[in-house]
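Okay, so here's the structure we're looking at.
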Amino acid sequence: MKLNSRLGNGAYDYVSLGDNEIPKELPENTEFNPDLMNAIDGFKPSPYGLYETAATMNDSWGYCAWDQNWKSAEEIAAIKKKLNGMGINYLLNVGPDGLGRIPSASQDILRAVAKTL
């Protein structure tokens, strides 16, 4: 089991950046500092150098029929490449509808992203 830093208990394995946070670069000094374990602002160093960013494909975390502001496949692929190049895991949210169906726009975008990998 891995614990992310959002628990705020000071005992975590990796740092989860802010929602949809795409940093320009990792700070120079990412040494683990126990005094920052429960910090809520600023960059929080990871004890093992592990980071992830959780992001949406549009503007909503769950299914939202009226939210059609989809990121393009090119944009998602570029974000993935940038984050992975910095050693940051890209956790991409897909919100199924009330019947458990993945929206067709999400499916199309993910298929297009897969072709770029």
Side-chain angles (χ1 to χ4, degrees):
M1 177 172 68
K2 298 286 185 196
L3 301 175
N4 84 29
S5 60
R6 291 185 180 191
L7 293 175
N9 65 1
Y12 54 85
D13 299 307
Y14 67 97
V15 170
S16 186
L17 302 176
D19 294 351
N20 292 302
E21 182 178 354
I22 313 299
K24 291 184 176 155
E25 58 187 24
L26 285 179
E28 294 274 334
N29 182 8
T30 57
E31 285 185 31
F32 183 65
N33 179 346
D35 295 334
L36 297 175
M37 288 193 316
N38 287 318
I40 56 172
D41 13 340
F43 185 83
K44 186 187 302 189
S46 169
Y48 304 108
L50 303 173
Y51 298 90
E52 87 173 1
T53 223
T56 60
M57 293 183 70
N58 54 11
D59 294 329
S60 304
W61 281 102
Y63 176 75
C64 185
W66 57 88
D67 182 359
Q68 298 298 310
N69 189 29
W70 300 100
K71 292 179 179 83
S72 70
E74 296 78 18
E75 183 178 1
I76 290 174
I79 292 169
K80 179 182 178 354
K81 181 178 180 180
K82 177 179 181 174
L83 290 173
N84 291 167
M86 291 190 290
I88 299 173
N89 184 48
Y90 188 29
L91 181 65
L92 191 59
N93 179 70
V94 177
D97 68 13
L99 297 174
R101 298 174 299 201
I102 302 298
S104 61
S106 293
Q107 292 179 40
D108 295 342
I109 292 165
L110 292 172
R111 283 188 183 105
V113 169
K115 289 179 182 177
T116 68
L117 302 178

Hey, is the main chain of [Y] close enough, under 3.5 Å, to the side chain of [X] for a donor-acceptor pair?
X      : Y      : result
Asn69  : Asp59  : no
Thr53  : Ile22  : no
Gln107 : Ile102 : yes
Asn20  : Thr56  : yes

In the single-linkage hydrophobic clustering (I, L, V, M, F, W, Y; side-chain heavy atoms under 4.5 Å), do [X] and [Y] co-cluster?
X     : Y     : value
Tyr90 : Trp61 : no
Ile79 : Val15 : yes
Leu91 : Leu17 : no

Is it true that atom NZ of Lys80 has more than 12 heavy atoms of other residues, nucleotides or ligands lying nearer than 6.0 Å? no
[X] side, atom [atom1]; [Y] side, atom [atom2] - distance, nearest 0.5 Å:
X      : Y      : atom1 : atom2 : value
Met57  : Glu75  : CE    : CD    : 10.5 Å
Asp97  : Cys64  : CG    : SG    : 12.0 Å
Asn58  : Lys71  : CG    : NZ    : 7.0 Å
Ser104 : Ile109 : OG    : CD1   : 9.5 Å
Arg111 : Thr116 : CZ    : OG1   : 14.5 Å

Taking all non-hydrogen atoms of both residues into account, name the closest pair between [X] and [Y] and its distance.
X      : Y     : result
Lys24  : Met86 : O-SD, 4.1 Å
Leu83  : Pro23 : CD2-CD, 3.9 Å
Val113 : Ala73 : CG2-O, 3.5 Å

**Message:** Contact between Trp70 and Pro103 at the side-chain level, heavy atoms closer than 4.5 Å - yes or no?
**Reply:** yes
Please evaluate residues Tyr14 and Asn89 with respect to the criterion side-chain contact (heavy atoms from CB on, under 4.5 Å), reporting the C-alpha separation (whole Å), side-chain torsions for both, the decisive distance (0.1 Å), and the verdict.
CA-CA 10 Å; Tyr14 67 97; Asn89 184 48; over 6 Å; no
- Query: Does a donor on one side chain and an acceptor on the other come within less than 3.5 Å for Trp66 and Gln68?
  - Reply: no
